[in-house]
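For clarity, every value in this text was computed on a predicted model and none was experimentally measured.
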Amino acid sequence: MNKCVAILFLICFSLNLYAQPKDTSKFKYPILMDSVVVSATRSGWDVNAFIKRVRTDTTFYKAFRSIHVVPFTADNDIRIYDKHSVVKASLKSKTRQNRKNGCRDMDVLVEKTMGDFYNRKKEYNYYTAELYAYLFFTPKPVCGETDAVANYLHDRGKGQLEKSKYQLKQLIFNPGSHIEGIPFMGDKAAIFEPEVAKLYDFHLLSEDYNGMECYVFKAIPKKGESKNVVYNELTTWFRKSDYAIVARDYSLSYHTMLYDFDVRIKARTTIVNSRLLPEKIDYDGNWHVFTKDRERVKFIAQFKY
């Protein structure tokens, strides 16, 4: 019965959206909802306002910026694999970020490496490891930071690494946006734009996540469309009380003659002193760019505050 109610509401909701083509504030594609969400809409809950929040959310990015303004310890586990799925290089470490007088620095408490993780100058031999360090390590003191998000999500520096950092921020923290500078991809990552949205099935559910009532928004490619999109899955858990993102699962892949990637990410957050912060990031990626060696990397980052 609940399934029938959900399907019926899907039909009614999609007809209502298509009946107002000039209103760009409304999401124009059908969303399959469970009975709990259907009941909430009947009680006045605004689905379109929620979808707009999904598209414009900055709480997830703010959680990762906030990691720079609090002390924490981190367990870092990075593993590089060869084509036979054998670990050829790795780093396991425990680090502690200190915060004092508006500055942060880092102590390496324990570190073990294997293989050619570093070169002789102790520089990273692998690009994924370099990006990990950019996100979570502090090799020298950094001062004057805040966790404000205004303009920082779209901030970009100069050089290839800075360009990659910007693209990484967009894919992870601003899913569904147009990403400049990635050849042949065009707007395929912009899942909320009409030409891409029509390739997806969208779901909106109500679930309990670690004791928190959440709305779960899922975007999954329609059958036969997986080769025409970038996000193979985008699932986000929004806490009902304030719509903060408590968890997000990504699966992204794309293949061209110049590059290819197949990446899965699971990110979890936690609340510390009323502040949303990253708790665990689980990454499994296989990617290759023309003129560079293929990288097959898995890492887990766990934070304690």
Side-chain angles (χ1 to χ4, degrees), residues 1-18 25-61 63 171-177 189-194 196-226 229-253 263-271 276 278-282:
M1 180 64 181
N2 287 346
K3 185 176 181 181
C4 292
V5 171
I7 292 173
L8 178 61
F9 192 84
L10 164 66
I11 296 171
C12 295
F13 183 69
S14 61
L15 289 174
N16 179 57
L17 293 181
Y18 281 112
S25 68
K26 294 183 180 293
F27 188 60
K28 302 295 191 296
Y29 291 87
I31 303 172
L32 182 61
M33 306 176 193
D34 68 9
S35 58
V36 176
V37 178
V38 170
S39 178
T41 61
R42 289 172 174 169
S43 300
W45 185 66
D46 191 336
V47 178
N48 277 298
F50 175 77
I51 298 301
K52 182 178 180 181
R53 184 179 289 271
V54 172
R55 300 177 67 171
T56 60
D57 174 80
T58 58
T59 63
F60 197 57
Y61 181 49
L171 283 169
I172 294 178
F173 301 120
N174 196 20
S177 65
I191 64 173
F192 296 112
E193 295 302 316
V196 182
K198 68 183 182 182
L199 307 179
Y200 281 89
D201 288 326
F202 297 95
H203 303 256
L204 185 54
L205 314 171
S206 177
E207 288 183 6
D208 181 272
Y209 184 87
N210 288 345
M212 294 176 285
E213 292 187 351
C214 294
Y215 288 116
V216 185
F217 181 78
K218 294 185 178 183
I220 301 171
K222 294 180 182 294
K223 186 176 180 179
E225 298 292 355
S226 59
V229 298
V230 172
Y231 289 96
N232 301 314
E233 178 196 358
L234 177 62
T235 303
T236 308
W237 287 258
F238 292 86
R239 190 172 53 199
K240 288 185 180 180
S241 60
D242 59 1
Y243 295 139
I245 293 178
V246 299
R248 176 171 275 168
D249 289 352
Y250 310 79
S251 175
L252 308 91
S253 64
V263 173
R264 287 170 294 282
I265 303 172
K266 294 183 177 182
R268 304 294 182 259
T269 64
T270 187
I271 302 293
L276 190 69
E279 182 177 38
K280 183 178 180 180
I281 299 97
D282 193 328

Practice prompt. Indicate yes or no: at least one non-hydrogen side-chain atom of T56 is less than 4.5 angstrom from one of T58.
Written response: no
Fill in: Rounded distance [0.5 Å steps], CG in L199 versus OH in Y231
14.5 Å
Practice prompt. Determine whether K266 and T235 make a side-chain contact, defined as any pair of heavy atoms from C-beta on separated by less than 4.5 Å.
Written response: no
Item to complete: For the residue pair W237 and Y209, categorise the inter-ring angle as parallel (less than 30°), tilted (30 to 60°) or perpendicular (more than 60°).
Response: tilted
Item to complete: Would you indicate whether E207, at its atom CD, is surrounded by more than 12 heavy atoms from other residues, nucleotides or ligands within a distance under 6.0 Å?
Response: yes
Worksheet item: side chain to side chain contact (heavy atoms under 4.5 Å, CB included) between F202 and I220: does it pass, once the steps are laid out?
Response: CA-CA 7 Å; F202 297 95; I220 301 171; over 6 Å; no
Worksheet entry | Distance, nearest 0.5 Å, that separates NZ of K222 from CG of D201 | 4.0 Å
Worksheet entry | Which atom of N232 lies closest to which atom of P221, heavy atoms considered | O-CD, 3.0 Å
Response to the item:
Between T59 and I245, the two heavy atoms sitting closest are OG1-N, 3.5 Å
Worksheet item: Between D34 and S206, which heavy-atom pair has the shortest distance, and what is it?
Response: OD2-N, 2.9 Å
Response to the item:
Separation between OG (S226) and CD (E233), nearest 0.5 Å, reads 13.5 Å
Fill in: Pairwise side-chain contact, D208 with C214, heavy-atom cut-off 4.5 Å (strictly under)
no
Item to complete: Could you walk me through whether F60 and T269 pass side chain to side chain contact (heavy atoms under 4.5 Å, CB included), step by step?
Response: CA-CA 9 Å; F60 197 57; T269 64; 4.0 Å; yes
Worksheet item: Between CD1 of I191 and CZ of R55, what distance do you get to the nearest 0.5 Å?
Response: 9.5 Å
Worksheet item: In Å, rounded to the nearest 0.5 Å, how long is the span from CZ of R53 to CZ of F217?
Response: 14.0 Å
Fill in: Under 3.5 Å: donor-acceptor pair, side chain of T236, backbone of A247
no
Discussion item. Test side chain to side chain contact (heavy atoms under 4.5 Å, CB included) on M33 and L205; report intermediate values, then the result.
Written reply: CA-CA 6 Å; M33 306 176 193; L205 314 171; over 6 Å; no
Practice prompt. Carefully, step by step, assess E279 and V246 under the rule side chain to side chain contact (heavy atoms under 4.5 Å, CB included).
Written response: CA-CA 10 Å; E279 182 177 38; V246 299; over 6 Å; no
Discussion item. Just to verify, which of I281, D249, N210, D282 counts as forming a side chain to side chain contact (heavy atoms under 4.5 Å, CB included) with R268?
Written reply: D249
Fill in: L204 side chain near L32 side chain, heavy-atom distance below 4.5 Å
no
Worksheet item: Are any non-hydrogen side-chain atoms of V54 and F238 less than 4.5 angstrom apart?
Response: yes
Worksheet item: Between F50 and Y243, does the ring centroid distance fall short of 6.0 Å?
Response: yes
Worksheet item: When you measure from the centre of the six-membered ring of Y215, is the NZ or CZ of K240 under 6.0 Å away and within 45° of the axis?
Response: yes
Practice prompt. Working to the nearest 0.5 Å, report the span between CZ of R264 and CG of L252.
Written response: 10.0 Å
Worksheet item: Under 4.0 Å between a Lys/Arg side-chain N and an Asp/Glu carboxylate O for D57 and K52?
Response: no
